[in-house]
Amino acid sequence: MRLLWKLVILLPLINTSAGTGLLSRPVFTQEPQDIIFPLDLSKSEIILNCAATGYPSPSYRWKQNGTDIDFTMSYHYRLDEGNLAISSPRTDQDIGMYQCLATNTLGTILSQKAKLQFAYLSYAWTFNDNPLYVQEDNRRFVSQETGNLYIAKVEPSDVGNYTCFVTNKEAQRSVQGPPTPLVQRTDGVMGEYEPKIEVRFPESIQAAKDSSVKLECFALGNPVPDISWRRLDGNPLPGKVKYSKSQAILEIPNFQQEDEGFYECIAGNLRGRNLAKGQLIFYAPPEWEQKIQNTYLSIYDSLFWECKASGKPNPWYTWLKNGERLTPEERIQIENGTLIITMLNVSDSGVYQCAAENKYQIIYANAELRVLASAPDFSKNPLKKTSVVQVGGDITIECKPTAFPRAAISWKRGMESLRQSKRVFLSEDGSLKIYNVTRSDAGSYTCTATNQFGIAKNTGSLVVKERTVITIPPSKMDVTVGESIVLPCQVSHDPSIEVIFIWSFNGDVIDLKKGVAHFERIGGESVGDLMIRNIQLNHSGKYLCTVKTTLESLSAVADIIVRGPPGPPEDVRVEHISSTTSQLSWRPGSDNNSPIQIFTVQARTPFSVGWQAVSTVPEILNGKTYNATVVGLSPWVEYEFRVVAGNSIGIGEPSKASELLRTKASVPVVAPTNINGGGGSRSELVITWESIPEELQNGEEFGYIIMLRPVGSTTWTKERVPSVESSRFVYRNESITPLSPFEVKVGVYNNEGEGSLSTVSIVYSGEDEPQLAPRGTSVQSFSASEMEVSWNAIAWNRNTGRVLGYEVLYWTDDSKESMIGKIRVSGNVTTKNITGLKANTIYFASVRAYNTAGAGPSSPPVNVTTKKSPPSQPPANIAWKLTNSKLCLNWEHVKTMENESEVLGYKILYRQNRQSKTHILETNNTSAELLVPFEEDYLIEIRTVSDGGDGSSSEEIRIPKMSNLSSRGVPVLEPSVCFLSIVIIFYCFAIQPLVR
């Protein structure tokens, strides 16, 4: 009862602390560290740092070697905030272990211990007046343990004065000793002797974890000894070891457990060897493996804390509260690193420390224990104002007031107290769980919390909504590449709940907002259908439609199989190749979800147009066939092969091309065709043929064989033409008579042998040019640009030369023009019209016969003058009169220039507007009358006629159609019937202006 009254008195303070949350235990932000202080800086000041956070702000105390420092009695100790300042430090009084204590209203903590030491010394020697230190080598060694200089074998050059320097590394200052002379004895010569170890390391050395260990070993001897090291346990020396220049120092950096053991130094020369050995013992200061943490417990609860640390030797544990050591009591149990306090009360609050210690160091883990007592309070954790659940779902309404000790919880719905049932469950932590919620469960719920310090209530409401159901889920589909499909995903849901559709493909979310290619969301609020346009093979997989609301998440999955033509076959190889066959093998590519049914082999050569299908054995390559023999290849041709696969969907992409390989050579089998020839000179037989293309030559050194003999002879003459590109051969022999018939065959050959010969063709030998000139040559001019040359045919025979046709030569007498016109006619033609001539010009012409050997002698030249040019002026002042179907025309006579031909008459050209056929009427007068059916417009033009040809035409005249005429023939009246005088024209008013 007395304890309860104490709690009531302390309750306001505890509530204030718990409510504000401002109070906090001390926590070190800086702890003192080991210091090595130079000896010669005794007038300076040492600072040991210590700082901590906490509220209220901590105060500080210090201990030296476990005893509190009294700052009022020690004049050279000073507290600077949390730091300890030592003025004019003294080695006899201030050396030792220091520890900082930080305290506030919640408790006290102790820092780690810091060791204060004075000075580190190093040694060096100089020789005579040389300012440089004596350098270590295999004869000389300076021990940093003893400071001595050792010379294994003294040389005459070593005689002199040696001075020792002792250096304080921290102060970077040196002290010089008196010179020490080295004098060479004269009473004898030192003989050879075995090594004598003068510097040896201790038999047992304690080595801290992560430290750097140095072992010294040096020997005197003659000859100078060599130093080597080894481990006595048989293990090799660690790879990280370092040696001094003379190997007198073995350094093991970052010393670890595995480096522990016996080490041996061997000094040897020709006279023998000596050994030194010692043991390195590993130790490790404590390191935390498990620390204690701040703990807030209710009054009457139990505390269990455990801390663990590693180290060698194993650490032991002590517990402190507010800096004072804890001892076991009735409620307090301490065993190694565990602390148990039962039936906690407010006085147990404070800062606790677990100390782990071995003989090398002590470390601390700090934590605050806060024992709380308070009435229930919902201010920090009120009930959720509105909880929403769907019909048929489960709901948990949490009730977690702050209360120490924990409060008893009860629930009401409206005014009705709730009891546990099949659907209603009251959890130990005070939460209310309702399973399989119905509409009737909606309403307000009140949680009441009670402990011995008071009572508190808090109310929230439960809203029940209809469930979301996927009514049309996506279903499995089997589609062909390139199609467009829709995956349905439709739901029914509570109208007040927003629905979000998320589509995933093979586990990855499809971001439809970024406009991903092929994918498109279609539908409204309750429809989340996914359209896939132009579906591709890589779209095969699992499609997951996830429907999310604020209350739940539903999903439905469907497998989509996309089938397409097979992928390209792989690894096409040529296993063997002959002159006409090739053995191929390949591996099938992806079947793209539709079994491969057939393979096709294609080939390409430098002579083919792209890839061509080739014949194989077997002829049909089914989907399980992965090798074949290609047949029907051309010898000595470079081939590439590829394979194409097909299935029920279509033909896939071809494989990569195989290696380029050439078929083997063979005798050529294709003979030349189109054997022909003839012509050439006398005593020559000209033979021509179509050359064999390269792909049919079947090998190297390709050429042609010519076989010939006169018709009626039995003996063949054989000739070789080694040129690959040849298509003509001339056989010369003086005994050949002109136009003699020969039987000719042309064959082929290459390095492999002679091939086929063509069928026999008849080819005639060469002939002489015609020996006779044509007779009876004449010429006459027909117009200003045209003349006709005629002659008599030549009666020829073999002696006078064959005539294949005639050649007409023509020229002018203008010596400035060197160009001669030449026109050939074949056969027995004896006249030739020549056009494109100049007007009023003298032309000369002659004729000569020709054959395959060339042209014969020309006939004597004849000449003619072309007509003058036709009139250049067109008919003018054309007038017309249309009466019924009679059209009367008249115009002015055209006067010609001196260099133009006289006008002999006129041509009238007329046609209907929509017809292309033109009718012509010729007249010697300057008027004409036409009877025409004027069903549509007529177009008329007039031109002059002369010896030099037709002259220029007038501009085209358009005569309008007459609407009341029927279609009939167009009789033409004699021009003399109709003559319009100027008087009649004005009298009838019928002459219309010219219409174009």
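Excluded from the calculations below are hydrogen atoms, water molecules and symmetry mates; all remaining heavy atoms, backbone and side chain alike, are included.
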**Q** Only counting residues at least two apart or in another chain, list the ones meeting salt bridge (charged side-chain N to carboxylate O under 4.0 Å, His left out) with R775.
**A** none
**Q** I'd like to check the side chain to side chain donor-acceptor pair (under 3.5 Å) partners of S790; sequence neighbours left out, ordered by chain and number.
**A** S778
**Q** With a sphere of 6.0 Å drawn around CD of E701, does it hold more than 12 non-hydrogen atoms of other residues, nucleotides or ligands?
**A** no
**Q** Decide if atom CG of N828 counts as having more than 12 heavy atoms of other residues, nucleotides or ligands within a radius under 6.0 Å.
**A** no
**Q** Looking at residues at least two apart in the chain, or sitting in another chain, which of them share a side chain to side chain contact (heavy atoms under 4.5 Å, CB included) with T896?
**A** P871, E900, E902, V903
**Q** Quick one: list whatever passes side chain to side chain donor-acceptor pair (under 3.5 Å) with T865, sequence neighbours left out.
**A** none
**Q** Mind checking what makes side chain to side chain donor-acceptor pair (under 3.5 Å) contact with K832, not counting sequence neighbours?
**A** none
**Q** Does the side chain of E807 reach to within under 4.5 Å of the side chain of K822, using non-hydrogen atoms?
**A** yes
**Q** What residues form a salt bridge (charged side-chain N to carboxylate O under 4.0 Å, His left out) with K664, not counting sequence neighbours?
**A** none
**Q** Is there a side-chain contact between V711 and I762 in this structure, where contact means two heavy atoms from C-beta onward sitting under 4.5 Å apart?
**A** yes
**Q** Which residue pairs pass the ring-ring contact (aromatic ring centres under 6.0 Å, His included) test with at least one member in residues 722-746, sequence neighbours excluded?
**A** none
**Q** Using the test side chain to side chain donor-acceptor pair (under 3.5 Å), find all partners of D768 that sit at least two apart in sequence or belong to another chain.
**A** R682
**Q** Is there side-chain contact between L809 and R848, with heavy atoms separated by less than 4.5 Å?
**A** yes
**Q** If you measure only the distance, is there a donor-acceptor pair under 3.5 Å linking the side chains of E752 and N698?
**A** no
**Q** Sequence neighbours excluded, which residues qualify as salt bridge (charged side-chain N to carboxylate O under 4.0 Å, His left out) partners of E640?
**A** R604
**Q** For residues 684-696, which residue pairs pass the salt bridge (Lys or Arg N to Asp or Glu O under 4.0 Å) check, not counting sequence neighbours?
**A** E684-R732
**Q** Does Q612, at its CD atom, have more than 12 non-hydrogen atoms belonging to other residues, nucleotides or ligands within less than 6.0 Å?
**A** yes
**Q** Taking only residues at least two apart or on different chains, which pairs with a member in residues 680-721 satisfy ring-ring contact (aromatic ring centres under 6.0 Å, His included)?
**A** W689-Y704, F702-Y704
**Q** Who passes salt bridge (charged side-chain N to carboxylate O under 4.0 Å, His left out) against D947, sequence neighbours left out?
**A** none
**Q** Has E754 got more than 12 heavy atoms of other residues, nucleotides or ligands less than 6.0 Å from its CD?
**A** yes
